[in-house]
**Student:** 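For reference, the structure I am asking about is given below.
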Protein chains: 2
Amino acid sequence: MVVETDLSDAEVDRIFRALADATRRDILRRTTESEASVSALAATYDMSFAAVQKHVTVLADAGLVTKKAQGRERLVCANPAQIARARALLDQYERLWRSRIDRLDDLLAEDAQQ
Amino acid sequence: MVVETDLSDAEVDRIFRALADATRRDILRRTTESEASVSALAATYDMSFAAVQKHVTVLADAGLVTKKAQGRERLVCANPAQIARARALLDQYERLWRSRIDRLDDLLAEDAQQ
DNA sequence: AGTTTCTACAACCATTTGGTTGTACGTTAC
DNA sequence: GTAACGTACAACCAAATGGTTGTAGAAACT
């Protein structure tokens, strides 16, 4: 699967920073399984509603989730496209690594011929 | 490719936190292409040697790079296995998403039958 | 031996982060 | 209409982050 990765440094910063917290990763996991209101999410964490609200904001600013109003609730929905972009960024490093290995293999092959 | 992901929350925190900085991502990219000493890395960034040294420490604490002594230099080497683990974590979210879609498809199929 | 180079590490500072409480406002329920 | 619920947001605080400078030690060069 090919994923577009035209993201600015600041956007990538926000994505990985958002992922660098266990509570936020759990929110992402839960909303990936099924959307949930902020208060429904908050009910299961040992912290204030406001704290969970801030975590959701961090995820939303990173584009990893979206919020849609439904009555007085705000439903939090995961955005798998953004998760895929983050994964694609890590893929790039692995491709770099592989191309480096390939170059080393080429060098070894040349040495073997000489 | 199957990748082991038996990482604690704190370890995952460190990995994504380390990735949440453009300078550190650039160091990771460069050391993935080929190993480099800390001072060689520092020479190309518009900040002090000590600052770059700290960035390398953050990457090393996350397991994304290793340092090996060579004379008075410390060669920084990327650790592709750890990068792969981070990628595998993001894969999990995408798998979750896909299984959710599959469940929705099943529900729609049931509705269609009724 | 003396100097330079590379690294380590401490101390310090400004800003950000992750949490709190309190207040206010729109929506739902009685 | 009023009470309860869900959310938004500001103000505040402790701790972590990302930078600096300075000092010191180990390795290499002359």
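Chain naming here is simple, since letters A, B, ... match the order of the sequence lines and numbering starts at 1 in each.
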**Student:** Would you call B:R85 and B:E11 a salt bridge, taking side-chain N to carboxylate O under 4.0 Å as the test?
**Tutor:**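 Salt bridge between B:R85 and B:E11, a charged N being under 4.0 Å from a carboxylate O: no.
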
**Student:** For A:V58 and A:D21: C-alpha separation, side-chain torsions, deciding distance, then whether side-chain contact (heavy atoms from CB on, under 4.5 Å) applies.
**Tutor:** CA-CA 10 Å; A:V58 170; A:D21 181 281; over 6 Å; no

**Student:** Could you state the CD-P distance from B:E73 to C:dT5, rounded to the nearest angstrom?
**Tutor:**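 Going from B:E73 (CD) to C:dT5 (P), I get 13 Å.
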
**Student:** In terms of hydrophobic clustering (I, L, V, M, F, W, Y; side-chain heavy atoms under 4.5 Å; direct or indirect links), are A:L89 and A:L96 co-clustered?
**Tutor:**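 Not linked; separate clusters.
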
**Student:** Tell me whether the OP1 or OP2 atom of D:dT7 has a side-chain N or O from A:K67 closer than 4.0 Å.
**Tutor:**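 Negative; the distance criterion is not met.
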
**Student:** Give the rounded distance in Å between these two atoms: CG of A:D13 and P of C:dT17.
**Tutor:**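 So the CG-P distance, A:D13 to C:dT17, works out to 10 Å.
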
**Student:** Between A:Q92 and A:R95, do the side chains contain an N or O donor and an N or O acceptor separated by less than 3.5 Å?
**Tutor:**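 No pair is found: no donor N or O on one side chain lies under 3.5 Å from an acceptor on the other.
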
**Student:** Starting at atom CG of B:L59, determine the distance to atom C1' of D:dG18, rounded to an integer number of angstrom.
**Tutor:**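 Rounded to the whole Å, the gap is 14 Å.
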
**Student:** For nucleotides 18-20 of chain C, which of its nitrogen or oxygen atoms have a protein nitrogen or oxygen under 3.5 Å away, and what is each distance?
**Tutor:**
| from | atom 1 | to | atom 2 | distance (Å) |
| --- | --- | --- | --- | --- |
| C:dG18 | OP1 | A:R24 | NH2 | 3.2 |
| C:dG18 | OP2 | A:R24 | NH1 | 3.1 |
| C:dG19 | OP2 | A:H55 | NE2 | 2.1 |
| C:dG19 | N7 | A:K54 | NZ | 3.0 |
| C:dG19 | O6 | A:K54 | NZ | 2.1 |
| C:dT20 | OP1 | A:S48 | N | 3.2 |
| C:dT20 | OP2 | A:S48 | N | 2.8 |
| C:dT20 | OP2 | A:S48 | OG | 2.5 |

**Student:** Does A:D102 come within less than 4.0 Å of A:R98, counting only side-chain N to carboxylate O?
**Tutor:**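 Not counted as a salt bridge, because no side-chain N and carboxylate O are separated by less than 4.0 Å.
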
**Student:** Take A:D9 and B:R25 through the side-chain contact (heavy atoms from CB on, under 4.5 Å) test and state the conclusion after the steps.
**Tutor:** CA-CA 9 Å; A:D9 278 349; B:R25 286 193 301 275; 3.9 Å; yes

**Student:** Should A:R87 and B:D91 count as side-chain neighbours, where that means a heavy-atom distance under 4.5 Å?
**Tutor:**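 Yes, their side chains come closer than 4.5 Å.
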
**Student:** For a side-chain contact (heavy atoms from CB on, under 4.5 Å) check, start with the C-alpha distance between A:L75 and A:S37, then their side-chain angles and the critical distance, and finish with the verdict.
**Tutor:** CA-CA 4 Å; A:L75 294 184; A:S37 71; 4.1 Å; yes

**Student:** Could you state the CG-P distance from A:D61 to D:dA8, rounded to the nearest angstrom?
**Tutor:**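 Value for this atom pair: 12 Å.
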
**Student:** Can you measure B:L75 atom CG to C:dA8 atom P for me and round it to whole angstrom units?
**Tutor:**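 Whole-Å distance recorded here is 11 Å.
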
**Student:** Quick one: B:R25 CZ to D:dG18 P, roughly how many Å, whole number?
**Tutor:**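 One finds 11 Å between P of D:dG18 and CZ of B:R25, rounded.
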
**Student:** Output the residues of residues 28-39 of chain A in contact with DNA chain C, where contact means a heavy atom of the residue under 4.0 Å from an atom of the strand; sort by number or write none.
**Tutor:**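 Per residue number, the list is empty: none.
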
**Student:** Tell me whether the OP1 or OP2 atom of C:dC6 has a side-chain N or O from B:R74 closer than 4.0 Å.
**Tutor:**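 Checking B:R74 against C:dC6: no side-chain N or O falls below 4.0 Å of OP1 or OP2.
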
**Student:** How many angstroms lie between CG in A:L28 and CZ in A:R30, if you round to the nearest 0.5 Å?
**Tutor:**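 That separation rounds to 12.0 Å.
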
**Student:** Return the value, rounded to whole Å, for the distance between atom CD of A:Q53 and atom P of C:dA24.
**Tutor:**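 Whole-Å distance recorded here is 17 Å.
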
**Student:** Below 3.5 Å, does any donor atom in the side chain of B:R72 face an acceptor in the base of C:dT5, or the other way round?
**Tutor:**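 Under the 3.5 Å cut-off, the side chain and the base do form a donor-acceptor pair.
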
